[in-house]
Amino acid sequence: MGDVKAASLAYRPRPCDTYGLAGILTTLTGQPTPLRLTVMSTEALLEQLYDTPETDLIEDIRRIRAELDGQVLILGHHYQREEVFAFADVSGDSLRLSQQAAATHTPYIVFCGVHFMAETADILTSDEQTVILPDPAAGCSMADMADSPQVEACWRELATVIDPDATVTPVTYINSAATLKAFCGEHGGIVCTSSNARRVMEWAWGQRQKILFFPDRHLGENTAVAMGIADEDMIVWDPNQPMGGNSRQAIERARLILWNGFCSVHQLFRPEHVDTMRRAHPGIRVAVHPECSRAVCEKADFIGSTEAIIRDVAAAPAGQAFAIGTELNLVNRLRLQHPDKPVYFLSPMVCMCSTMFRTDPQHLYASLKAIRDSRELNRVVVPPEIKRWGKISLQRMLDLG
Ligand code: 13P
Ligand code: SF4
């Protein structure tokens, strides 16, 4: 068994900070890398692009995209802003995009999404392929709520009560660092997305009596509730408290240990928003993402991943009104795509993923230009030992279909 723990500790990308090629090389070599000129020229280019009229910029992206035909695959998550989403060769939810990354042979993948998605793509592609995240500061606040030292510490604390390697299957939501996917690979665990969480959890309980689910408490809890798991069989693990804030008896009894993480966007939807919508629009169908709290999901008519919500709206008859509890860019797109179905945003507040929004046409153009000029810019590289174990947990998920 390779030393994935040492590799995980050494590899600490800070996805919500800005780091470019210089940052990646510094991470890999441990030495500050004098690449200021590359970084400066990119900044200067971006500044220039922000002064370029948007219509010209869109035309420039089209042109450079055509020049790179066959060399680049642009993947776009459903939460991307419209101007960027329009350039995606393939759009989808996290599962679909990871399946696409695993299947493609193009030399470059430009991932219009967030950092964990680009890391996942790098794990699933060959060493000859290059994965680019147009804005390296596009992280995920939920993914940042669990890191490798915290999960290792949790495993050690569990080991004072039970034998985790014999009794616990670790399951990480794909919205997590590559190091946690590697942890799951090494400990007989698996990755899940919001569209296959139930299938993955059935598999995980088929392996061992208990599941440790991280980092999203809500996805784990909502899926378990739908599977008929009793409240007494679930505990929440708070990484800031000894034993996660649980007694030995509670740990012994639990079938599901839920990490206390959440999505800062989806937590803004509240159960009272569902009541307000139902009062204002009798007959409305409420569709929400499973990253919403249990209280919201229990009041909804439909719970599903972004892809499942899109299918649900498409399948409804004309005239059916919807209140949708997921990120704003997707809800706005659904409204435009279905003028015959009134589509409302579930919350009266703006729930937008600010990190997804970071990828703009300027960063997309800069990424494509760097590829065209054979310059490395904002490449996401997962170190080999983490990649090896991360691939095992991702492949277990992909094999479930
Ligand atoms: P899915 O697109 O897989 O449903 O995930 C939503 C999300 O929050 C991505 O970060
Ligand atoms: Fe992360 Fe939430 Fe944004 Fe998805 S919507 S990328 S979970 S912060």
Side-chain angles (χ1 to χ4, degrees), residues 15-16 75-81 84-85 88 90-101 111-121 133-147 171-177 180-181 191-200 213-220 222-223 259-269 287-293 296-297 300 302-313 324-334 345-347 349-359 394 397-398:
C16 284
L75 297 179
H77 187 265
H78 291 306
Y79 293 165
Q80 289 292 293
R81 55 168 92 195
V84 169
F85 192 78
V90 180
S91 58
D93 64 359
S94 312
L95 180 62
R96 179 139 191 255
L97 294 176
S98 56
Q99 286 166 336
Q100 282 296 321
F111 213 127
C112 299
V114 288
H115 189 265
F116 73 80
M117 295 180 174
E119 273 190 333
T120 301
L133 183 66
D135 185 337
C140 165
S141 53
M142 178 206 284
D144 291 346
M145 287 180 192
D147 65 18
V171 177
T172 188
Y173 188 21
I174 197 163
N175 298 32
S176 59
L180 297 187
K181 295 179 177 85
V191 179
C192 77
T193 75
S194 54
S195 49
N196 62 16
R198 183 176 182 137
R199 217 173 322 142
V200 167
F213 192 99
F214 45 86
D216 187 17
R217 168 189 174 161
H218 300 304
L219 176 63
N222 288 324
T223 311
W259 196 266
N260 196 22
F262 58 88
C263 165
S264 46
V265 178
H266 288 89
Q267 70 149 358
L268 295 172
F269 296 103
V288 301
H289 195 277
E291 288 174 12
C292 293
S293 70
V296 170
C297 289
F302 181 79
I303 309 167
S305 70
T306 52
E307 199 84 15
I309 291 174
I310 291 167
R311 279 198 304 268
D312 192 58
V313 176
I324 301 185
T326 195
E327 207 267 352
L328 185 64
N329 280 285
L330 173 55
V331 181
N332 283 342
R333 189 173 306 122
L334 284 168
F345 194 59
L346 178 59
S347 169
M349 286 168 291
V350 174
C351 308
M352 216 182 73
C353 181
S354 57
T355 49
M356 283 277 184
F357 197 67
R358 291 192 74 97
T359 305
L394 278 163
M397 173 187 83
L398 294 175

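Just so it is clear, the structure is predicted and the values come from calculations on it, not from any experiment. Computed from heavy atoms alone, side chains included, the values below leave out hydrogens, waters and symmetry copies. Just follow the structure's listing: the first ligand is 1, and inside any ligand the first atom is 1.
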Pairs under 3.5 angstrom, nitrogen or oxygen on both sides, ligand 1 versus protein: list them out, please.
from	atom 1	to	atom 2	distance (Å)
ligand 1	2 (O)	H77	NE2	2.6
ligand 1	2 (O)	T306	OG1	2.6
ligand 1	3 (O)	S94	N	3.0
ligand 1	3 (O)	S94	OG	2.8
ligand 1	3 (O)	S194	OG	3.2
ligand 1	4 (O)	S194	OG	2.7
ligand 1	4 (O)	H289	NE2	2.8
ligand 1	4 (O)	T306	N	3.0
ligand 1	4 (O)	T306	OG1	3.4
ligand 1	8 (O)	E291	OE1	3.3
ligand 1	8 (O)	E291	OE2	3.0
ligand 1	10 (O)	N175	ND2	3.1

*What count do you get for protein N/O/S atoms less than 2.8 Å from atom 3 (Fe) of ligand 2?*
1
*Test log, rule side-chain contact (heavy atoms from CB on, under 4.5 Å), inputs S195 and E307*: CA-CA 8 Å; S195 49; E307 199 84 15; 5.8 Å; no
*Kindly compute the distance separating CG (L334) from CD1 (I309), expressed to the nearest 0.5 Å.*
8.0 Å
*asked:* Is there a ring pair (Phe, Tyr, Trp, His ring centres under 6.0 Å) between F116 and F111? Walk through the geometry before answering.
replied: CA-CA 10 Å; F116 73 80; F111 213 127; 8.6 Å; no
_Could you report the tightest heavy-atom contact between M352 and L328, atom names first, then the distance?_
CG-CB, 4.0 Å
*Can you tell me if K181 uses its side chain to pair, donor with acceptor, with the backbone of T172 under 3.5 Å?*
no
*Heavy-atom check, side chain of T326 versus side chain of H266, under 4.5 Å*: yes
_Whether H77 and Y79 hold their rings parallel, tilted or perpendicular, with breakpoints at 30° and 60°_ = perpendicular
*Without hydrogens or angle criteria, can the side chains of S98 and T120 be said to hold a donor-acceptor pair below 3.5 Å?*
no
*For the pair F345 and F269, name the ring-plane relationship: parallel under 30°, tilted 30 to 60°, perpendicular over 60°.*
perpendicular
